[in-house]
Amino acid sequence: MSEGSITGRMAEWVKQSRYEDLPRRVVEEAKNQILSVVAAVHAGHFSDVGRIVTRTVKEWSSGKEATMIPSGERTSLYNALFANTALSMALDYDDYLFAGHTGHSAVLVTLGLAEKIGFSGKEFLLAQTLANEIEGRVGASVLLGPLNGQMWSALHVIGGAVIAAKVMDLDTSQIQSAMGIALLQPSHPLATAFFGSDAKALLASMNAPLGVQAAEMAANGMRGSADIIESPHGFAQGFAQQPLLGAYDGYGKVWLTDTLCYKVYPGCAYIDTTIDCVLNLVRTHSIDAKKVRAVHVNAGPLTAGMEALAAPYLKGPDSLAVTLNFTVGYNVAAALMDKELTARQFNRERIRDAATWDLAGRVQLTLDDAIGQRMRERSPLKTVVQDGQERFELRLADLDLAGFKMSFGARVRIEMEDGRNFEVEQDVPYGGAGRPFDERRKSVEDKFRRETRYTLRKEKMERAIDIILHLEQANSAQLRELVRLCCSERS
């Protein structure tokens, strides 16, 4: 084992970490993440893409090691991981942290392995958290590259490897090899498929199961590259113009899990505060969408940038839900008209509504420099001058993320036909890091109840929530019970 390499240090930390090393606040965030991800799986099950995935994976069926949620179909571990991670991504309803959308693998790979091989709730929370921490650091190290957010799909292959290696009790050398094998050929998604096709739902599916297989290969003696990340021909150089290797530090001291954010609406995180503002105004002033003249949205560079990237794939009433998840106009219009933004606003019949598109055409998005500046000031990424040139720097070990605020600010002004104007501004989205913990806990419990009500009886729903909120007390039998509780009555 190369102890001085990045994967060597990560492997040593993963091997030595115990549940008792996790701060209580980190454990509670992990529970929130489980609630949020399982809710996203249930919501995705009823989407057009979700139905395709479920139908297809059923045709692959082999073995009965793990369960497809929420259908209850028993299949192989790899097939279950493929199906469940696809459903959790189908509506862009996932959680995220600095820097990555880690929950698809951190939660669902751990859940699948708990069902197959059996381990305690404490072991679950530890493996889940380690995956969050490693995946977030890998994402942060390539922040200055061509990919971002869910397009960092390679995070799920190394996350899957970390989880499997930990619960299989591999030694340090084997853990390092598992990570090296996992990053042998990291995926590089293409924008045309990401913004313009249903296949975007498969980003985690095509990676997370391979991470588990990488750990199994390492367990049987295969050796992976020790310098797979920092080598001049390795991952960091291949995925970033300026690799930020300061991300690979602060293990056990700086917890990226502190930065977890939970979406309360389907769609890109960069539009969340915009929708918060819209629904706030609608509910406060009883706004009639039919009498709205225009909607003025001011937002930061991430919102404006994502809007520009998705624009070429918009096809009006024939747009795909995956494209609409990234566009301000449709989401604002649908939220104004329906007084909500849920999975129901992304079915094909709803998308084709002409009145919604008429209103969407009256939504104006403007880049706001002040909002952008506030976001930059709160970012862990800093600008430094080196040899007379500005460069970016990330020194994770020097940060305190316990009070981190996920600043995706927005200001919305609704202009009515009678001349009245209603305006509100918000900095941190509901469910986002930086808002009160109790508020965020309530938001994920509400999300879980809202999205499982079509498949679960109330008793099963509440029992599942209770197990998750007391997961550190659960044994292997109760974790398997949790999987059954998350499946429909027909299973």
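Residue numbers start at 1 and run along the sequence shown.
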Nearest heavy-atom neighbours spanning [X] and [Y]:
X: Ile69; Y: Cys486; result: CG2-O, 3.4 Å
X: Thr67; Y: Asn84; result: O-ND2, 3.1 Å
X: Ala208; Y: Thr85; result: CB-CG2, 4.5 Å
X: Thr273; Y: Val428; result: CG2-C, 3.6 Å
X: Arg9; Y: Gly4; result: NH1-O, 3.2 Å
X: Leu22; Y: Leu125; result: CD1-O, 4.1 Å

*Kindly say whether the aromatic ring centers of Phe194 and Tyr313 come within a distance under 6.0 Å.*
no
Summary of ring pair (Phe, Tyr, Trp, His ring centres under 6.0 Å) pairs that have at least one residue in [range], sequence neighbours excluded:
range: residues 102-127; result: His104-His156
range: residues 457-487; result: none
range: residues 202-221; result: none

Ion pair [X]/[Y], N-O distance below 4.0 Å:
X: Arg55; Y: Glu59; result: no
X: Glu115; Y: Arg74; result: yes
X: Glu451; Y: Lys447; result: no
X: Lys15; Y: Glu12; result: no

Under a 3.5 Å distance rule, please check whether [X] uses its side chain to pair with a backbone N or O of [Y] as donor and acceptor.
X: Glu230; Y: Ala236; answer: no
X: Arg453; Y: Arg450; answer: yes
X: Lys382; Y: Glu377; answer: yes
X: Glu439; Y: Pro436; answer: no
X: Asn331; Y: Leu324; answer: yes
X: Asn475; Y: Gln478; answer: yes
X: Ser47; Y: Gly44; answer: yes

Please tell me whether [X] and [Y] have a donor and an acceptor in their side chains that are separated by less than 3.5 angstrom.
X: Asp95; Y: Ser36; result: no
X: Gln237; Y: Ser231; result: no
X: Ser153; Y: Ser187; result: yes
X: Glu73; Y: Asn79; result: no

Rounded distance [0.5 Å steps], [atom1] in [X] versus [atom2] in [Y]:
X: Leu184; Y: Met179; atom1: CG; atom2: CE; value: 15.0 Å
X: Leu399; Y: Trp255; atom1: CG; atom2: CH2; value: 15.0 Å
X: Ser105; Y: Leu111; atom1: OG; atom2: CG; value: 13.0 Å
X: Thr323; Y: Phe195; atom1: OG1; atom2: CZ; value: 9.0 Å
X: Asn347; Y: Leu91; atom1: CG; atom2: CG; value: 10.0 Å
X: Leu108; Y: Ile163; atom1: CG; atom2: CD1; value: 9.0 Å

Answer whether the closest heavy-atom distance between the side chains of [X] and [Y] falls below 4.5 Å.
X: Glu29; Y: Phe437; value: yes
X: Leu143; Y: Phe98; value: yes
X: Leu469; Y: Arg441; value: yes
X: Phe235; Y: Pro186; value: yes
X: Ser5; Y: Gln176; value: yes
X: Leu401; Y: Leu256; value: yes
X: Val167; Y: Ile117; value: yes
X: Asp446; Y: Arg449; value: yes

Does [X] [atom1] have over 12 foreign heavy atoms under 6.0 Å away?
X: Arg463; atom1: CZ; value: yes
X: Met217; atom1: CE; value: no
X: Lys442; atom1: NZ; value: no
X: Gln185; atom1: CD; value: no
X: Arg223; atom1: CZ; value: no

*Should the ring pair Phe239 and His188 be called parallel, tilted or perpendicular, given that the plane angle runs from 0 to 90° and is split at 30 and 60?*
tilted
*asked:* Does the plane of the ring in Tyr270 sit parallel, tilted or perpendicular to the ring in Phe408? Use 30° and 60° as the thresholds.
replied: perpendicular
*Audit row: Leu202, Phe82, side chain to side chain contact (heavy atoms under 4.5 Å, CB included) steps and yes/no*: CA-CA 8 Å; Leu202 304 180; Phe82 190 102; 3.8 Å; yes
*Between Phe46 and Arg51, does a side chain to side chain contact (heavy atoms under 4.5 Å, CB included) hold up when you go through it step by step?*
CA-CA 6 Å; Phe46 293 102; Arg51 294 179 194 279; 3.8 Å; yes
*Only one of Asp276, Asp272, Asp94 passes salt bridge (Lys or Arg N to Asp or Glu O under 4.0 Å) with Lys263; say which it is.*
Asp94
*Could you go through the side chain to side chain contact (heavy atoms under 4.5 Å, CB included) check for Met10 and Ile229 one step at a time?*
CA-CA 11 Å; Met10 290 196 296; Ile229 290 176; 3.6 Å; yes
*Dump the intermediate steps for side chain to side chain contact (heavy atoms under 4.5 Å, CB included) on Lys200 and Asp92, then the final yes or no.*
CA-CA 10 Å; Lys200 178 216 167 202; Asp92 210 316; 2.9 Å; yes
